[in-house]
Amino acid sequence: MVPLDSPAAVRRAAMDLLARREHGRVELARKLLRRGASPELVETALDRLADEGLLSESRYLEAFVASRARAGYGPLRIREELAQRGLPRQAIEQALRESGLDWAELLTDTWRRKFAGCLPGDARERARQGRFLGYRGFPPEMISRLLRGGVSGDC
């Protein structure tokens with residue numbers, strides 16, 4: 001691995017990471033610091049990338065929310081994952097609002113893929129399905145509404 005001991009080396013490493021996918025500022029800084037860059041060089045490089053529009057928190061948030069939603073995750077899980085990545089709560093909430101996603105539809109699609117659209121026949125199965133959907137990050141009231149028969153299934 002090339003030592004990150006110059007502004008050019010830090011910028012090159014940051015650009016390599018950004019070429020693969022969008023990153024948040026905190027996440028990108030952590031990766032560069034782990035690779036041995038000094039905090040001063042990292043901050044300077046990230047400031048410059050942000051000024052040039054190559055590092056964008058809003059683009060990162062938009063891409064992350066869309067990606068996780070496509071994978072069948074709900075707003076609670078996505079919110080928590082973004083918070084763990086060091087993004088501000090206000091920006092996370094705004095990204096979730098502006099995503100334009102229909103969380104109820106996403107919940108139904110995720111449930112259908114996992115359980116073939118079969119409503120639970122007993123309390124044990126209801127709990128199992130509810131745990132799975134809760135783990136995926138969907139709000140309990142949405143899960144309850146779905147499992148009470150909000151969708152018809154042939155089983």
Side-chain angles (χ1 to χ4, degrees), residues 1-118 128-147 150-151:
M1 190 181 296
V2 177
L4 301 179
D5 55 3
S6 72
V10 173
R11 179 180 171 82
R12 194 169 25 260
M15 295 285 289
D16 287 347
L17 291 166
L18 287 170
R20 291 187 191 110
R21 69 169 176 85
E22 292 288 344
H23 284 72
R25 185 180 182 98
V26 172
E27 180 183 29
L28 190 55
R30 278 188 203 138
K31 287 183 177 185
L32 293 170
L33 291 169
R34 247 183 293 157
R35 292 180 178 198
S38 74
E40 300 80 30
L41 289 176
V42 168
E43 284 306 310
T44 303
L46 296 184
D47 287 342
R48 187 168 165 213
L49 289 170
D51 291 344
E52 295 169 357
L54 299 172
L55 175 63
S56 168
E57 295 271 295
S58 62
R59 252 192 346 255
Y60 172 67
L61 284 163
E62 183 181 325
F64 189 90
V65 170
S67 169
R68 297 304 279 162
R70 276 192 310 275
Y73 290 94
L76 303 179
R77 173 87 178 256
I78 294 170
R79 180 181 292 121
E80 189 56 36
E81 288 178 358
L82 286 168
Q84 289 174 354
R85 285 169 168 75
L87 290 136
R89 283 273 179 203
Q90 188 175 359
I92 295 169
E93 295 306 322
Q94 182 177 351
L96 288 170
R97 272 193 313 276
E98 293 175 357
S99 69
L101 293 165
D102 181 344
W103 296 109
E105 183 179 320
L106 183 61
L107 168 64
T108 303
D109 290 346
T110 302
W111 172 73
R112 278 195 174 123
R113 278 197 318 265
K114 176 69 175 176
F115 300 106
C118 296
R128 186 176 82 85
Q129 290 186 17
R131 275 192 311 274
F132 172 79
L133 296 169
Y135 170 77
R136 282 299 186 109
F138 292 98
E141 60 278 358
M142 285 177 68
I143 295 169
S144 178
R145 195 170 28 245
L146 173 76
L147 297 180
V151 176

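- Note that the CG atom of L17 and the CG atom of L32 stand 6.0 Å from one another [nearest 0.5 Å].
- The minimum heavy-atom distance linking L46 with A29 is given by the pair CD1-CB, 3.7 Å.
- Looking at every heavy atom in both residues, G24 comes nearest to L55 through C-CD1, 4.4 Å.
- Within 6.0 Å of CD on E141 lie more than 12 heavy atoms contributed by other residues, nucleotides or ligands.
- Residues satisfying the side chain to side chain donor-acceptor pair (under 3.5 Å) criterion with R21, sequence neighbours excluded, are E27.
- Counting all heavy atoms, side chain and backbone alike, L76 lies closest to P140 at CD1-CD, 4.4 Å.
- Between F132 and I143, the closest side-chain pair of non-hydrogen atoms is not below 4.5 Å.
- Taking 4.5 Å as the limit, every side-chain heavy atom of W111 sits out of range of all side-chain heavy atoms of F138.
- Under the side chain to side chain donor-acceptor pair (under 3.5 Å) criterion, S6 pairs with no residue at all, not counting sequence neighbours.
- Closest non-hydrogen pair, Y73 versus L106, comes out as O-CD2, 3.4 Å.
- Applying the side chain to side chain donor-acceptor pair (under 3.5 Å) test to residues at least two apart or on different chains, the pairs with a partner in residues 41-50 are R25-E43, R25-D47, R48-E52.
- E105 meets the side chain to side chain contact (heavy atoms under 4.5 Å, CB included) test with D102, D109; sequence neighbours excluded.
- Across all non-hydrogen atoms, the minimal contact from V65 to S99 is CG1-CB, 3.8 Å.
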Determine, step by step, whether Y60 and L18 satisfy the side-chain contact (heavy atoms from CB on, under 4.5 Å) criterion, reporting the C-alpha distance in whole Å, the side-chain angles of both residues, the deciding distance to 0.1 Å, and the verdict. CA-CA 10 Å; Y60 172 67; L18 287 170; over 6 Å; no
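- Counting heavy atoms from C-beta outward, V26 and R85 have side chains that stay 4.5 Å or more apart.
- The shortest heavy-atom contact between R35 and A13 is NH1-CB, 4.2 Å.
- At least one side-chain heavy atom of K31 sits less than 4.5 Å from a side-chain heavy atom of R34.
- Between E93 and R79, some side-chain heavy-atom pair lies under the 4.5 Å cut-off.
- Judged as a salt bridge (Lys or Arg N to Asp or Glu O under 4.0 Å), and not counting sequence neighbours, the contacts of R89 are E80.
- Taking R59 as the reference, E22 meet the salt bridge (Lys or Arg N to Asp or Glu O under 4.0 Å) condition, with sequence neighbours excluded.
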Start with the C-alpha gap between L87 and L61, add the side-chain angles, then the distance that decides, and say whether side-chain contact (heavy atoms from CB on, under 4.5 Å) holds. CA-CA 9 Å; L87 290 136; L61 284 163; 4.1 Å; yes
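- Here salt bridge (Lys or Arg N to Asp or Glu O under 4.0 Å) pairs that include residues 61-77, with residues two or more places apart or in two chains, are R68-E81, R77-E81.
- Here R136 contributes atom CZ and I78 contributes atom CD1; the two are 10.5 Å apart, rounded to the nearest 0.5 Å.
- Checked against salt bridge (Lys or Arg N to Asp or Glu O under 4.0 Å), R128 has the following partners two or more places apart in sequence or in another chain: E125.
- S58 meets the side chain to side chain contact (heavy atoms under 4.5 Å, CB included) test with S56; sequence neighbours excluded.
- Qualifying side chain to side chain contact (heavy atoms under 4.5 Å, CB included) partners for A45, counting only residues two or more places apart in sequence or in other chains: V10.
- Applying the side chain to side chain contact (heavy atoms under 4.5 Å, CB included) rule to L33 yields the partners P39, V42; only residues at least two apart in sequence or on another chain are considered.
- Checked against salt bridge (Lys or Arg N to Asp or Glu O under 4.0 Å), E57 has no partners two or more places apart in sequence or in another chain.
- Contact annotation: the side chain of L133 approaches that of L146 to within less than 4.5 Å [non-hydrogen atoms, C-beta and beyond].
- Considering only heavy atoms from C-beta on, L54 comes within 4.5 Å of R11 through its side chain.
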